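Small disclaimer: the values here were computed from a predicted structure and weren't measured. Heavy atoms only: backbone and side chains are in, while hydrogens, waters and symmetry mates are out.
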Amino acid sequence: LIAVGSSIVITNFSSIASRGDQLTTEEALRAAIRNARFIAASQREDVRLSFDKDQGALVSSDGSRFQLAADFGTTGRGEILFYLVPPASGLSPFPAPDKTTLKTDEVIFCSDRSSSSFVVEIDIGFGSPIRQVYDPFSSLKRTVK
């Protein structure tokens, strides 16, 4: 009984451990944003986060790299796009962040926390892209579309 129980535990543990290296696209994105935010705040330097299509990864200016699934490499159709959310003008209401079209190649996390909200569009190559609105110094997405 002990041997059977041990083999079940070992089998389940090894499958979980092998799955640990494979983050979903959204998990990798959240990890990259958390890392960039942490480096900007702790080292008091601006950190840039961008998507590198050739490597199929999210890359930050501090040298961190977050590998995405094969759909996002040079052989895949996936792409991650960044958009800036424009500020409000005068007493006007804030523009709808999920409707922004101000495309940018990278998002900057400023050490003084003066960064603005941004939108990340995850396009896996088929179906509708997913747009997520992030606040650069919050741990949560603002909205999901």
Side-chain angles (χ1 to χ4, degrees), residues 6-145:
S6 297
S7 67
I8 291 172
V9 169
I10 290 170
T11 303
N12 286 338
F13 180 75
S14 64
S15 69
I16 290 170
S18 66
R19 230 179 6 153
D21 293 345
Q22 302 168 352
L23 296 176
T24 67
T25 303
E26 290 186 38
E27 290 170 338
L29 176 64
R30 282 193 299 272
I33 290 171
R34 258 191 323 270
N35 178 68
R37 184 183 321 122
F38 176 76
I39 297 298
S42 66
Q43 295 185 3
R44 299 196 182 273
E45 64 182 41
D46 294 353
V47 177
R48 300 171 186 282
L49 179 66
S50 61
F51 171 65
D52 186 338
K53 176 80 172 167
D54 294 334
Q55 294 182 18
L58 292 163
V59 180
S60 66
S61 58
D62 73 322
S64 300
R65 189 169 161 255
F66 297 84
Q67 191 64 44
L68 300 172
D71 294 341
F72 292 91
T74 54
T75 59
R77 297 183 302 187
E79 189 171 21
I80 303 240
L81 303 171
F82 295 104
Y83 296 89
L84 299 176
V85 176
S89 171
L91 296 175
S92 322
F94 284 96
D98 57 329
K99 305 268 191 260
T100 183
T101 58
L102 297 172
K103 189 176 174 188
T104 183
D105 292 332
E106 60 189 15
V107 176
I108 302 172
F109 295 85
C110 296
S111 59
D112 64 358
R113 298 184 179 225
S114 63
S115 305
S116 61
S117 299
F118 59 94
V119 175
V120 178
E121 186 174 282
I122 302 171
D123 185 358
I124 58 174
F126 56 89
S128 297
I130 299 168
R131 286 177 69 102
Q132 301 175 343
V133 180
Y134 285 92
D135 181 64
F137 287 97
S138 169
S139 61
L140 303 173
K141 293 179 281 204
R142 286 183 36 199
T143 57
V144 178
K145 292 284 179 184

Which heavy atom of [X] sits nearest a heavy atom of [Y], and at what distance?
| X | Y | answer |
| --- | --- | --- |
| Ala40 | Ser111 | O-CB, 3.3 Å |
| Thr104 | Glu106 | OG1-O, 3.1 Å |
| Tyr83 | Arg131 | CE1-NH1, 3.7 Å |
| Gln67 | Ala28 | O-CB, 4.2 Å |
| Phe118 | Val107 | CD2-CG1, 3.6 Å |

inquiry  = My understanding is that only residues two or more places apart in sequence, or in another chain, count here; which of them pass side chain to side chain donor-acceptor pair (under 3.5 Å) with Arg77?
reply    = none
ask   = Looking at Asp123, Leu49, Ile122, Ile124, which hits side-chain contact (heavy atoms from CB on, under 4.5 Å) with Ile80?
value = Ile122
message = Taking the six-membered ring of Tyr134 as reference, does the cationic atom of Arg37 (NZ for Lys, CZ for Arg) lie under 6.0 Å from its centre and within 45° of its axis?
response = no
ask   = Could you walk me through whether Phe38 and Phe109 pass the side chain to side chain contact (heavy atoms under 4.5 Å, CB included) check?
value = CA-CA 9 Å; Phe38 176 76; Phe109 295 85; over 6 Å; no
In Å and rounded to the nearest 0.5 Å, what is the [atom1] to [atom2] distance from [X] to [Y]?
| X | Y | atom1 | atom2 | answer |
| --- | --- | --- | --- | --- |
| Thr25 | Ile130 | OG1 | CD1 | 8.5 Å |
| Asp62 | Asp46 | CG | CG | 12.0 Å |
| Arg48 | Cys110 | CZ | SG | 8.5 Å |
| Glu79 | Phe51 | CD | CZ | 6.5 Å |
| Ile33 | Arg30 | CD1 | CZ | 9.0 Å |
| Leu58 | Phe72 | CG | CZ | 8.5 Å |

inquiry  = Apply side chain to side chain contact (heavy atoms under 4.5 Å, CB included) to residues Ser50 and Asp52 and explain how you reach the verdict.
reply    = CA-CA 6 Å; Ser50 61; Asp52 186 338; 5.7 Å; no
inquiry  = Please enumerate all residues that pass side chain to side chain contact (heavy atoms under 4.5 Å, CB included) together with Asp105, with sequence neighbours excluded.
reply    = none
query = Mind checking whether Val120 and Phe82 have side chains closer than 4.5 Å, heavy atoms only?
reply = yes
task = Begin with the C-alpha distance, continue with both residues' side-chain angles, and end with the deciding distance and a verdict on side chain to side chain contact (heavy atoms under 4.5 Å, CB included) for Ile39 and Ser60.
result = CA-CA 10 Å; Ile39 297 298; Ser60 66; over 6 Å; no
